[in-house]
Novice: 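Have a look at this one.
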Amino acid sequence: MNLTIKIDEINYGDVAVKAMPLLREAARKQNGAVGKLLGALTELPEYQISDLLDAISVTVKNEIISDLATEHSNTILRIINDAAYEHQIGVVLSNYTLNRNLVMEIDVHRINYPAVAERFLPVIREKLMTMGGLAILMRPLIAHASAEQICDLMDRFLGDNKNAFVVSLINQNQNTLISAIESAAMEQNIRLKIGKIHAE
């Protein structure tokens with residue numbers, strides 16, 4: 001499964017503050033005036049860093065964020081996976097890219113079906129209740145099933161179509177995931193707004 005996430009707004013100052021340790025490390029590796037200048041920039045108060053960024057075009061700022069995301073992909077992927085676990089989103093990610101339009105493409109390595117079932121339990125119950133065939137006879141069980149039981153029922157009713165079911169679940173319940181992602185970013189002191197999530 002692949003996720004596409006469009007970032008509509010991001011606080012560039014927050015990203016710059018997060019990147020200061022990286023800039024500080026780069027400054028240590030520079031000799032002479034350039035190293036001193038970079039080092040001095042890393043000591044600026046946060047509000048002055050934001051003021052400096054205001055003078056840089058959005059296009060350049062987006063290029064910097066995209067390059068940072070590429071250069072530090074392992075660290076960022078770990079943070080994303082930790083946040084997904086903490087917010088019980090139920091996915092483990094293996095790869096991602098962030099282009100200069102702030103569109104993130106993420107490969108889903110593994111789906112934790114019990115976590116997905118727990119997160120979307122009412123919605124999954126409702127979907128299973130509308131299915132035909134054997135599901136009709138099992139509606140009383142479905143209506144009161146736990147997340148673990150729902151996983152068993154998904155295996156029984158959906159079989160190999162379980163992934164497609166989860167894809168449709170994500171696409172139809174974007175707001176829940178958007179809220180979780182924005183909250184996870186806020187925990188990293190980065191304010192952003194997600195415009196859209198699409199799974200396929």
Novice: Hydrophobic clusters here meaning ILVMFWY residues chained together by side-chain heavy-atom distances under 4.5 Å, can you tell me if Val17 and Ile79 are in one?
Specialist: no
Novice: Which heavy atom of Leu38 sits nearest a heavy atom of Gln30, and at what distance?
Specialist: CD1-CG, 4.0 Å
Novice: Evaluate the criterion side chain to side chain contact (heavy atoms under 4.5 Å, CB included) for residue pair Leu22 and Glu71; output intermediate values, then yes/no.
Specialist: CA-CA 11 Å; Leu22 303 174; Glu71 291 168 16; over 6 Å; no
Novice: Find out if a path of hydrophobic residues (ILVMFWY) with successive side-chain heavy-atom gaps under 4.5 Å connects Ile190 to Ile197.
Specialist: yes
Novice: Hey, could you give me the CZ/NE2 distance between Arg78 and His72, rounded to the nearest 0.5 Å?
Specialist: 12.5 Å
Novice: Near Lys6 NZ, under 6.0 Å, is it more than 12 heavy atoms from other residues, nucleotides or ligands?
Specialist: yes
Novice: Applying a strict under-4.5 Å side-chain criterion to I, L, V, M, F, W and Y, I'd like to know whether Ile64 and Ile76 cluster together.
Specialist: yes
Novice: Are Ile65 and Ile7 packed together at the side-chain level, in the sense that at least one heavy-atom pair is separated by less than 4.5 angstrom?
Specialist: no
Novice: Decide if atom CZ of Arg139 counts as having more than 12 heavy atoms of other residues, nucleotides or ligands within a radius under 6.0 Å.
Specialist: yes
Novice: Within the supplied structure, the quantity of interest is the number of heavy atoms (other residues, nucleotides, ligands) at a distance under 6.0 Å from Glu148 CD; does it exceed 12?
Specialist: no
Novice: Please confirm whether the backbone N or O of Asn175 pairs with a side-chain atom of Ser179, one donor and one acceptor, at under 3.5 Å?
Specialist: no
Novice: Taking Lys193's backbone N and O only, do any of them form a donor-acceptor pair with Asp8's side chain (distance below 3.5 Å, no angle check)?
Specialist: no
Novice: Got a sec, which pairs hit side chain to side chain donor-acceptor pair (under 3.5 Å) with one end in residues 97-106, sequence neighbours left out?
Specialist: Thr4-Glu105, Asp67-Arg100
Novice: Measure from the side-chain N and O atoms of Asn11 to the backbone N and O of Asp14, and report whether any donor-acceptor pair falls under 3.5 Å.
Specialist: yes
Novice: Honestly curious: do Ile80 and Val92 fall in one hydrophobic cluster under the side-chain, below-4.5 Å linking rule?
Specialist: no
Novice: Let me check something: do Leu44 and Tyr47 share a hydrophobic cluster, defined by ILVMFWY side-chain heavy atoms less than 4.5 Å apart, either directly or through other members?
Specialist: no
Novice: Taking Lys18 for its side chain and Asn189 for its backbone only, find out whether a donor-acceptor pair lies under 3.5 Å.
Specialist: no
Novice: Going from CG on Leu68 to OG1 on Thr75, what distance comes out if it is rounded to the nearest 0.5 angstrom?
Specialist: 11.0 Å
Novice: Look at atom CG of Asn31 and say whether more than 12 heavy atoms of other residues, nucleotides or ligands are closer to it than 6.0 Å.
Specialist: no
Novice: Indicate the atoms forming the closest heavy-atom contact of Gly195 with Ile178, along with that distance.
Specialist: O-CD1, 4.3 Å
Novice: Out of curiosity, Met138 CE to Ile136 CD1, how far, rounded to the nearest 0.5 Å?
Specialist: 12.5 Å
Novice: Could you check if a side-chain atom of Arg191 sits within less than 4.5 angstrom of a side-chain atom of Met186, using non-hydrogen atoms only?
Specialist: yes
Novice: Rounded at 0.5 Å granularity, tell me how far CG in Leu98 sits from OG in Ser73.
Specialist: 11.5 Å
Novice: If you measure from CD on Glu46 to CE on Met20, what distance do you get to the nearest 0.5 Å?
Specialist: 9.5 Å
Novice: Heavy atoms, side chains only, cut-off 4.5 Å: are Val166 and Val91 in contact?
Specialist: no
Novice: Would you mind reporting whether Leu158 and Met131 have side-chain heavy atoms less than 4.5 Å apart?
Specialist: yes
Novice: With side chain to side chain contact (heavy atoms under 4.5 Å, CB included) as the test, would you mind laying out the steps for Leu141 and Leu153 before giving the verdict?
Specialist: CA-CA 10 Å; Leu141 173 62; Leu153 292 169; 4.2 Å; yes
Novice: Go through the steps to decide whether Leu41 and Leu52 satisfy the test side chain to side chain contact (heavy atoms under 4.5 Å, CB included), and finish with yes or no.
Specialist: CA-CA 10 Å; Leu41 287 174; Leu52 282 174; 4.1 Å; yes
Novice: Can you tell me how far CG of Leu23 sits from CZ of Arg28, rounded to the nearest 0.5 angstrom?
Specialist: 10.5 Å
Novice: Examine distances only and state if a side-chain atom of Asn171 and a backbone atom of Ala199 form a donor-acceptor pair shorter than 3.5 Å.
Specialist: yes
Novice: Do the non-hydrogen side-chain atoms of Asp54 and Tyr12 ever get within less than 4.5 Å of each other?
Specialist: no
Novice: Check whether more than 12 heavy atoms from other residues, nucleotides or ligands sit under 6.0 Å from atom CG of Asn74, and answer yes or no.
Specialist: no
Novice: Please list every donor-acceptor pair under 3.5 Å in which a side-chain atom of residues 106-128 meets a protein atom from a residue at least two apart or in another chain.
Specialist:
| residue | atom | partner | partner atom | Å |
| --- | --- | --- | --- | --- |
| Asp107 | OD1 | Asn2 | ND2 | 3.4 |
| Asn112 | OD1 | Ala115 | N | 3.1 |
| Tyr113 | OH | Asn163 | OD1 | 2.1 |
| Arg119 | NH1 | His87 | O | 2.8 |
| Arg125 | NE | Ala145 | O | 3.2 |
| Arg125 | NH2 | Ala145 | O | 2.5 |
| Lys127 | NZ | Gln172 | OE1 | 3.0 |

